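Each remark here refers to the structure printed beneath this line.
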Amino acid sequence: MPKFGFIVRDFLKDLNNDQLKAVDVTEGPVMVIAGAGSGKTRVLTYRIANLLQKGVDPFNILSLTFTNKAAKEMKERVMQLVGDHEGRNVWMGTFHSVFAKILRIEGKHLGYPSNFSIYDSDDSKKLIRSIISEKSLDTKVYPYSYVANRISMAKSSLVSPEAYAANAEIITADESARKPEIKNIYNTYSNRLRRADAMDFDDLLFNTYLLFSKFAEVLLKYQRKFKYIMVDEYQDTNHAQYLILKKLAANTENICVVGDDAQSIYGFRGANITNMLNFKHDYPDYKLFKLEQNYRSTKNIVEAANHIISYNKDQIKKKVWTNNDKGSLLGFIHASSDNEEGNLVANSVFELKMNNQLPNSDFAVLYRTNAQSRSMEEGFRKLNIPYKIYGGTSFYNRKEIKDLLAYFRLAINHNDEDSLQRSINTPARGIGKTTMEKITVAASEHDVNMWEVLNNLEKYGVNLNSGATTKITNFSTMIKSFAAEMKKKDAYELARHIAISSGILKMYREEDTPEGISRVENIEEALNGIKEFSEKGAEANEGDLEHQGTLEEFMQDVALLTNQDNEDEEDKDKVTLMTIHSAKGLEFPYVFVVGLEENLFPSIQSIATRSELEEERRLFYVAITRAEKHLTLSFAESRYRWGQFTITEPSRFLDEIDDSLIDRPKKTILRPDKGGDLFGNEAAVVLPKRNLKPVSSSGAGKSFEASDTGGLQTGMKVEHPKFGKGKVMVVEGNGPNKKATVFFNGVGQKSLLLRFAKLKIIG
DNA sequence: TCCGATCTATTTTTT
DNA sequence: ATAGATCGGA
């Protein structure tokens with residue numbers, strides 16, 4: 001007998017034909033291609049409700065999303081449909097959080113304890129950085145972010161350090177990039193994580209895959225558990241996620257994936273659209289449903305979005321349409337500077353709000369990079385419009401919070417070397433560089449953990465004076481005492497105890513600067529958050545784990561949380577400021593997409609290849625389709641970037657919107673057909689203009705090869721792709737701000753930032 | 001060992 | 001611009 005028949009049946013009336021089919025076919029593989037705003041989340045939640053109605057046990061349903069926020073929202077909506085009790089027991093979470101949970105239970109098969117640490121990207125970059133320096137490699141040749149990215153890509157493709165070193169293609173690529181050491185860095189990095197009983201984000205996927213491949217009985221257990229699998233944002237899955245899903249679904253093949261190739265925006269991180277294309281090969285008898293009716297936006301907005309995406313070559317054919325009103329034309333803001341852009345956007349919000357009596361929460365400002373939030377903030381602050389910023393440095397990434405959490409982590413997992421190094425001399429307790437050096441070296445030599453060395457100094461031949469030895473013993477005793485309290489005290493009690501007796505709180509209190517005060521406040525806020533966690537007790541929001549409110553449990557949750565995940569009540573009626581990436585899946589009545597400038601959006605890093613540019617365009621598509629009623633695009637003629645004044649050019653994406661859809665002056669005003677000297681300011685740095693004349697795009701880099709200008713000196717002769725040949729008059733500044741004044745024949749004197757200018761040294 | 005001055009990387013996006 | 005790392009001197 002259907003358990004909640006009347007509720008679901010009632011709602012089924014709200015589904016259109018395509019949605020209904022996607023909800024109805026619960027058995028066998030299903031792929032739903034869902035255009036923006038076509039009710040994708042609705043389909044997923046109703047599917048879950050439908051399954052429950054048919055009598056499927058909630059424990060047998062797994063629903064995977066990309067962000068915690070999406071998971072939370074889905075959970076709420078399911079609970080609305082079927083009631084809290086049933087809804088609560090469905091496994092709904094992000095890939096990372098669900099797999100972390102599995103690994104806490106099953107990690108022992110792979111040699112991991114259940115209390116393994118999770119390193120966030122800051123932690124892993126830090127580790128990679130220290131490995132690079134240990135190996136005395138040139139950080140110019142091996143920038144740690146490059147190396148980290150390379151390793152992360154390998155891991156997301158399930159390439160182990162051994163496989164990496166054995167892969168001729170990869171090795172050749174690294175060698176021709178003159179970075180042959182990456183394979184060794186990767187190997188050391190991997191070992192070091194192991195030694196610390198730690199996993200990075202990629203390991204959560206990689207190890208889950210290993211677990212399921214190597215231990216058939218474990219796989220079987222989870223295959224039996226997850227009889228019905230649903231995946232949101234399938235276009236953003238990477239290779240590892242794809243293979244894990246394939247394994248999990250192999251028995252029942254009850255897998256339903258929902259995605260939109262036009263909204264694939266995580267290719268840079270290893271997401272692979274071909275996972276969508278592979279679906280039909282893996283499950284030849286799959287059912288395909290397309291959701292093409294947009295319920296979210298006006299006709300104008302849908303049309304603009306369709307228009308934009310039609311510039312992309314790679315796409316699955318579909319026609320998104322809407323029955324909604326035509327709506328107003330797209331707004332357009334042309335500012336002279338980033339600051340003015342912030343003011344104009346804020347003014348525009350103010351007007352719309354006043355004229356139409358709208359809440360602040362109806363508005364969102366979306367941008368390409370987090371750094372752009374600053375000028376927006378200033379604009380809103382001037383008009384006293386409340387706003388909230390998502391992204392940027394997350395709360396848990398603040399220094400003081402990391403300092404505190406390091407103690408928590410170390411108390412939970414003594415092998416966590418990152419936390420050990422962070423906490424051992426913060427606050428200063430006289431365990432300095434020399435001492436740590438000795439310990440690090442001993443740990444490496446004996447290939448044991450630093451904690452092990454710390455507690456057996458003599459055994460590992462670490463020679464320290466008695467003072468240092470005492471200090472270390474005291475530290476170790478303190479950590480052990482924290483660990484001993486773990487099961488006795490609740491999370492809040494223990495957290496406060498640690499904050500006080502570690503000296504962290506005292507250290508920041510004594511700073512006595514505005515900054516120090518705010519750090520103390522943040523620590524207090526963190527403690528309050530933990531208090532809430534303790535008090536809430538069994539929220540049991542994920543699956544079947546018993547919840548006792550210990551600090552260890554808190555830390556397991558926190559590792560995968562981002563700042564987007566806890567919204568305060570007082571944040572409800574505020575304008576939302578966020579990157580487009582974090583806006584995916586959200587919608588707002590009024591949306592501003594700002595900073596539509598070449599080299600910013602599309603990003604300068606993504607204009608080299610067609611596929612990268614197409615990803616930027618999809619990102620623009622995502623931005624546009626967040627808007628329900630009204631969309632405004634904005635662009636500034638100049639902008640501070642890296643603390644440097646730069647003249648900018650309107651984004652090519654603006655040209656790709658049909659003039660009839662947008663309310664803006666004629667294009668000729670936007671694109672003066674003059675050189676870069678229009679603004680006549682010689683101090684201004686002109687970003688490389690995009691090719692106005694047809695230039696074979698692939699040949700552009702080859703015909704002009706810029707030199708390394710690190711050793712550029714006065715008197716040298718150089719060539720510039722645009723200004724031609726010239727002589728260096730002055731070299732000034734350092735590092736990224738190093739600039740040269742060059743006299744170009746027939747052009748005159750130019751001041752160039754070497755970081756940007758493509759100069760060839762010719763004599 | 002500690003402190004201040006100086007240098008350097010960061011800015012593409014996130015779990 | 002700005003935070004963090006590094007360096008050099010007390």
Side-chain angles (χ1 to χ4, degrees), chain A residues 64-71 93-100 118-122 124-126 129-130 133 139-140 143-146 149 152 155-156 199-205 233 236-238 240-241 264-271 366-375 390-394 396-399 402 425 427-436 467-468 471 515 559-565 578-584 595 599-607 612 615-616 618-620 622-623 639-646 733-738 755:
Chain A
L64 293 167
T65 59
F66 210 67
T67 65
N68 293 302
K69 198 172 186 169
T94 63
F95 280 91
H96 290 84
S97 72
V98 167
F99 294 164
I118 296 176
Y119 278 13
D120 67 21
S121 25
D122 275 3
S124 53
K125 275 183 186 167
K126 204 169 120 202
R129 176 185 280 168
S130 73
S133 98
T139 51
K140 291 267 172 357
Y144 67 92
S145 48
Y146 176 92
N149 186 48
S152 176
K155 285 187 162 188
S156 338
M199 298 192 198
D200 66 12
F201 287 149
D202 299 314
D203 285 330
L204 296 174
L205 306 182
E233 309 280 14
D236 285 328
T237 51
N238 63 29
Q241 290 161 329
S264 156
I265 53 175
Y266 284 102
F268 70 94
R269 186 170 102 179
L366 308 181
Y367 35 76
R368 180 66 179 82
T369 66
N370 279 306
Q372 289 166 258
S373 69
R374 190 196 50 85
S375 54
Y390 287 97
T393 308
S394 121
Y396 294 106
N397 269 333
R398 286 165 205 247
K399 186 181 176 300
K402 284 219 131 189
N425 204 32
R429 43 176 79 86
I431 305 175
K433 214 173 152 187
T434 329
T435 309
M436 287 312 288
K471 286 168 189 161
E515 208 193 12
L560 294 166
L561 274 191
T562 58
N563 45 340
Q564 320 213 345
D565 300 326
M578 56 168 49
T579 64
I580 301 165
H581 280 89
S582 36
K584 200 179 64 166
N599 299 325
L600 178 61
F601 193 17
S603 157
I604 192 160
Q605 274 93 334
S606 308
I607 47 182
E612 282 175 315
E615 179 153 316
E616 291 285 306
R618 291 194 294 270
L619 192 56
F620 189 39
V622 169
R639 176 176 299 280
Y640 275 89
R641 290 185 84 179
W642 303 288
Q644 196 74 35
F645 181 76
T646 55
N734 267 308
N737 294 325
K738 193 166 177 179
R755 193 154 34 104

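Chain identifiers are assigned alphabetically (A, B, ...) following the order of the sequence lines, protein sequences preceding nucleic acid strands; residue numbering begins at 1 within each chain. All values derive from a computational prediction rather than experimental measurement.
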Consider the side chain of [X], meaning its heavy atoms from C-beta on, and name the nucleotide among [options] that approaches it most closely.
X	options	value
A/His581	B/dT11, B/dT15, B/dT14	B/dT14
A/Ser582	B/dT14, B/dT11, C/dA5	B/dT14
A/Arg269	B/dT11, B/dT15, C/dA5	B/dT15
A/Thr67	B/dT13, C/dA5, B/dT15	B/dT15
A/Tyr144	B/dT15, B/dT10, B/dT13	B/dT10
A/Ser145	B/dT13, B/dT10, C/dG4	B/dT10

Table of protein N/O atoms under 3.5 Å from nucleotides 1-3 of chain B N/O atoms:
| unit_1 | atom_1 | unit_2 | atom_2 | d |
| --- | --- | --- | --- | --- |
| B/dT1 | OP1 | A/Gly430 | O | 2.9 |
| B/dT1 | OP1 | A/Gly432 | N | 3.0 |

Hey, does A/Ile607 have a side-chain heavy atom less than 4.5 Å from the side chain of A/Glu612?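 They are not in side-chain contact.
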Roughly, in whole Å, what's the span from [atom1] in [X] to [atom2] in [N]?
X	N	atom1	atom2	result
A/Asn149	B/dT10	CG	P	12 Å
A/Lys399	C/dG4	NZ	P	7 Å
A/Gln605	B/dT10	CD	P	11 Å
A/Phe95	B/dT15	CZ	P	14 Å
A/Asp202	B/dT14	CG	C1'	11 Å
A/Arg398	C/dT2	CZ	C1'	15 Å
A/Phe268	B/dT13	CZ	P	8 Å
A/Lys125	C/dA3	NZ	P	18 Å

For A/Phe620, give me all partners under ring pair (Phe, Tyr, Trp, His ring centres under 6.0 Å), at least two apart in sequence or on another chain.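 Listed in chain order: A/Phe601, A/Phe653.
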Could you tell me which residues satisfy ring pair (Phe, Tyr, Trp, His ring centres under 6.0 Å) with A/Tyr266, sequence neighbours excluded, listed by chain and number?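 Listed in chain order: A/Phe66, A/Phe268, A/His581.
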Tell me the closest heavy-atom pair linking A/Gln241 and A/Asp236, and the distance in Å.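 The answer is OE1-O, 3.9 Å.
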Under the side chain to side chain donor-acceptor pair (under 3.5 Å) test, which residues partner [X], sequence neighbours left out?
X	value
A/Ser130	none
A/Arg269	none
A/Thr579	A/Ser582
A/Ser603	A/Gln605

Expressed in whole Å, how much space separates the P atoms belonging to B/dT15 and B/dT11?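 16 Å, rounded to whole Å.
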Pairs under 3.5 Å (N/O, protein and nucleotides 8-10 of chain C):
none

Does A/Asn68 put a side-chain nitrogen or oxygen below 4.0 Å from OP1 or OP2 of B/dT15?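 Answer no for this pair, as no side-chain N or O of A/Asn68 is under 4.0 Å from OP1 or OP2.
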Output all residues satisfying salt bridge (charged side-chain N to carboxylate O under 4.0 Å, His left out) with A/Asp202, sequence neighbours left out; order by chain, then residue number.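 Per chain and number, A/Asp202 pairs via salt bridge (charged side-chain N to carboxylate O under 4.0 Å, His left out) with no residue.
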A/Phe66-B/dT15 aromatic stacking (under 5.5 Å, under 30°):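 It does not: the two rings, one from A/Phe66 and one from B/dT15, miss the stacking criterion.
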Please check this pair: side chain of A/Asn599 against backbone of A/Ile604, looking for a donor-acceptor N/O pair closer than 3.5 Å.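 Absent.
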Need one value for A/Phe601: base, sugar-phosphate or nothing, where a base atom within 4.0 Å counts as base even if backbone is also close, heavy atoms only.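 It contacts nothing in the nucleic acid.
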Reckon A/Arg129 touches a base, only the sugar-phosphate, or nothing at all at heavy-atom distances under 4.0 Å?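 The answer is sugar-phosphate, as A/Arg129 gets under 4.0 Å only of primed atoms, P, OP1 or OP2.
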